[in-house]
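Written below as structure tokens is the structure these notes are about.
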Amino acid sequence: MRYSKLDQINRENVTRLKPVWTYHTRELEGRPGKTIECTPIVIDGVMYVVTGYLRVVALDAVTGKELWQFDPLKDHPFEHAPTSGGVNRGCAYWSDGQPDGARRIIHGTADGRLFSLDAKTGKLDPAFADGGIRNLRKELDPSVAKLGYGPTSAPAIWKNTIIVGVSCGEGPGIAAPGDIRAFDVRTGEQVWRFHTVPQPGEFGHETWKGDSWKGRGAANAWGGFSIDLDRGLVFAGLGSAAFDFYGGDRHGDNLFANCTLALDATTGKRVWHYQTLRHDLWDHDLPVYPNLVTVTHDGKSIDAVAQVTKTGHVFLFDRETGKPLFDVKEQPVPASDIPGEQAATSQPIPVKPPSFSAQFLDESNVTNIGEANRASVLARLRTIRGGPAFNPPSLQGTVVIPGFHGGANWSGASFDPTSGLLYVNSNNVPNIIALVEAKAGDTPRYGPYEHTGYLPFLDHEGYPAIKPPWGVLNAINLNTGEIAWQVPLGEHVELTARGIPRTGTETFGGSIVTAGGLVFIAGTKDERIHAFDKQTGRLLWEHPLPAGGYATPSTYQVNGRQYLVIAAGGAGKLRTKAGDAFVAFCLQAEE
């Protein structure tokens, strides 16, 4: 849920929140800055973080003092480079439940390895796999074993099982499989493997026409997992199939790409699935696991899961059956004119809640921040295809709305069980996708096309082509299916100085919600962390960070005192200055 019962920090006193310690990773010295997307975890007063260069560091959660650190890249060299830029969103914790028993930190790295560390010392567990290191590539077919492959989100823990999703290629070149895998936490042995592209005889195989399933990569759970501990269910949101902008060689709906998926945690068997987008042509993966929520519908309490999407929708499903709790309609969508392509004729759209991101771009909603800005966008728009969401890629160039970063992204959502409100930050930044014929003699690929790049659609000053707000924090009532409030998230201070109302900025990093009445979120290009009133959306507090906080914060309590912590690594896709800090806040006495 990303909900905390802590309420020491609340609406009345949040303005007294000040930094209490800062931990610097010291990784900027002599190396390029790398974004830090880690959400810290805190157990028994010890904070565990992952740095931009994949070190695991244990800190005293009260003082920020380093207790130990583990460096997988320096101390344990590997022949494979980390994929996806080597980002990492956190580590996992396991214990055997005994007072003086085993405590482990499980660390997955984007080069394709799992590490099991003693939580007290940071030393490798010699009983786990090969001296504490599990090579996840060992079971891959040799034809793909050297490709980009490895976890970027924290593993999940179910009893004595580690559940792992991976990041892998989605482009025109051959990609590694996106299968979900489970491993024994003590031995590192593989327990089960779920094929996200079904093989012959498996459910969903018929959604891949002919032999298009063979050697198919991606359809991966790169955004991590949520687990219903009582029911023993693992939930994931799956990504697109490769190649994610051309599907002429994968006719059909392409299960389990772009599916919310429920698996039996013990066996890895499919319990249910729901495909939120058929035959993806827009890189609109489900970028995050669904939140576990409890809602009230028709006077009944229902355990559910809420899946936010890059396409700017919330799908609400019964947790046990996968049945949508709000009606879903089939919306006809445009056909493709790319030779060989067979786009889906319709896409499923929830009747409720309404979309939380822009669903079209045309002359009626291009930017209005200035006449020159508007004119530059209109001139470009007349040369490409604008219009509605789900407009297929073209050789001419097509507007992708919502853009490649959503809608929602890997930062996902938080949920308040006391009100039924789901909080999700969304982006309104359109992109342009154009296909070109592949060059003769290129490496083996999926189909005859490649694309010209992940191009944002910007005005002549570099601002998004669409009317603001460009970043929004949304509160959505899952009991009624209505949007409770929406507010701009973040600020371009130079535009504010020009008299333009707060526009919001593109964001990377998620929210948490607390019993103190607050939603905490950083993620904005203006390099600040914010606290909003969870009932009204009013901005109550914001504080500058040493660099952009492109991560999800944590809150925790030690010795009766509540803290808030956020990674401030900057850099990344928003291309602000790099940082190397984790910053902790707590209440300070009034001056």
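The figures here come from the full heavy-atom set of this structure, side chains too, leaving out hydrogens, waters and symmetry mates. Numbers here are sequence positions counted from 1.
- Cation-pi geometry between R134 and F183 is not satisfied (NZ or CZ under 6.0 Å from the ring centre, within 45° of the ring normal).
- Aromatic rings from H405 and F508 are positioned such that their centres are separated by under 6.0 Å.
- For E202 (side chain) and H195 (main-chain N/O), no donor-acceptor pair under 3.5 Å exists by modelled atom type.
- Contact record, E320 with V271: O-CG1, 4.2 Å, taken as the closest heavy-atom pair.
- Taking the six-membered ring for Trp and the full ring otherwise, the centers of F225 and W158 sit at least 6.0 Å from each other.
- For T83 and S167, the side-chain atoms include no donor-acceptor pair closer than 3.5 Å.
- Annotation: side chain of R104 is in contact with side chain of D118 (closest heavy-atom distance under 4.5 Å).
- Contact check for I105 versus V56: side-chain heavy atoms found under the 4.5 Å cut-off.
- The stretch residues 46-60 participates, sequence neighbours left out, in these salt bridge (Lys or Arg N to Asp or Glu O under 4.0 Å) pairs: E27-R55.
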Check your understanding: What do the steps show when you test Y289 against S153 for side chain to side chain donor-acceptor pair (under 3.5 Å), and what is the final call?
Key -> CA-CA 11 Å; Y289 53 84; S153 295; over 6 Å; no
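- Annotation: ring-ring contact (aromatic ring centres under 6.0 Å, His included) contacts of H24 (sequence neighbours excluded): none.
- No side-chain heavy atom of W470 sits under 4.5 Å from any side-chain heavy atom of E506.
- Between K159 and T266, the closest side-chain pair of non-hydrogen atoms is not below 4.5 Å.
- Crowding of D44 atom CG: a count of heavy atoms from other residues, nucleotides or ligands under 6.0 Å not exceeding 12.
- L124 places a side-chain heavy atom less than 4.5 Å from the side chain of L117.
- Heavy atoms only, all atoms of each residue included: L136 and L140 are closest at O-CG, 4.2 Å.
- Counting only distance, with no hydrogens or angles, the side chain of R113 and the backbone of I133 share no donor-acceptor pair below 3.5 Å.
- T39 places a side-chain N or O within donor-acceptor distance of the main-chain N or O of T552, the cut-off being under 3.5 Å.
- Side-chain contact between R216 and Y446 is present, with at least one heavy-atom pair separated by less than 4.5 Å.
- In this structure, D318 contributes its side chain and A304 its backbone to no donor-acceptor pair below 3.5 Å.
- Separating the OG atom in S95 from the CG atom in N160 is a distance of 9.5 Å, to the nearest 0.5 Å.
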Exercise for review: Assess whether salt bridge (Lys or Arg N to Asp or Glu O under 4.0 Å) is satisfied between E66 and R26, documenting all intermediate values.
Suggested key: CA-CA 12 Å; E66 184 176 308; R26 302 179 299 280; 3.6 Å; yes
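- Between the T524 side chain and the G490 main chain, no donor and acceptor come within less than 3.5 Å of each other.
- With salt bridges taken as basic N to acidic carboxylate O contacts below 4.0 Å, one links E139 and R181.
- For Y454, the ring-ring contact (aromatic ring centres under 6.0 Å, His included) partners at least two apart in sequence or on another chain are F245, F404, H451.
- The environment of R193 atom CZ is dense: over 12 non-hydrogen atoms of other residues, nucleotides or ligands sit within 6.0 angstrom.
- Using a 4.5 Å cut-off on side-chain heavy atoms (C-beta onward), N425 and S411 make contact.
- Across all their heavy atoms, F317 and G322 have their closest contact at CD2-O, 3.4 Å.
- The aromatic rings of H273 and F203 sit perpendicular, their planes meeting at an angle over 60°, well past the 30° parallel limit.
- The main-chain N or O of A413 is found under 3.5 Å from a side-chain atom of N291 such that the two form a donor-acceptor pair.
- With hydrogens and angles disregarded, no donor-acceptor distance shorter than 3.5 Å links the side chain of W282 to the backbone of I401.
- Residue Y149 holds its OH atom at 9.5 Å from CG of N220, rounded to the nearest 0.5 Å.
- Smallest separation of non-hydrogen atoms from C38 and A551: O-CB, 3.6 Å.
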**Study point:** salt bridge (Lys or Arg N to Asp or Glu O under 4.0 Å) assessment of K269 paired with D264
**Key:** CA-CA 5 Å; K269 302 295 185 183; D264 183 303; over 6 Å; no
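- Taking 4.5 Å as the limit, some side-chain heavy atom of I163 sits within range of a side-chain heavy atom of I180.
- Aromatic ring centroids of F532 and Y423 lie 6.0 Å or more apart.
- Classification of the F315-H313 ring pair by plane angle, with boundaries at 30° and 60°, yields perpendicular.
- At distances below 3.5 Å, not a single donor-acceptor pair connects side-chain atoms of D71 with backbone N or O atoms of D75.
- In this structure, R103 contributes its side chain and Y93 its backbone to no donor-acceptor pair below 3.5 Å.
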Exercise for review: Would you check, one step at a time, whether the test ring pair (Phe, Tyr, Trp, His ring centres under 6.0 Å) holds for H76 with F70?
Suggested key: CA-CA 10 Å; H76 303 277; F70 172 81; 5.4 Å; yes
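- Between the side chain of R278 and the main chain of N254, no donor-acceptor pair closer than 3.5 Å is present.
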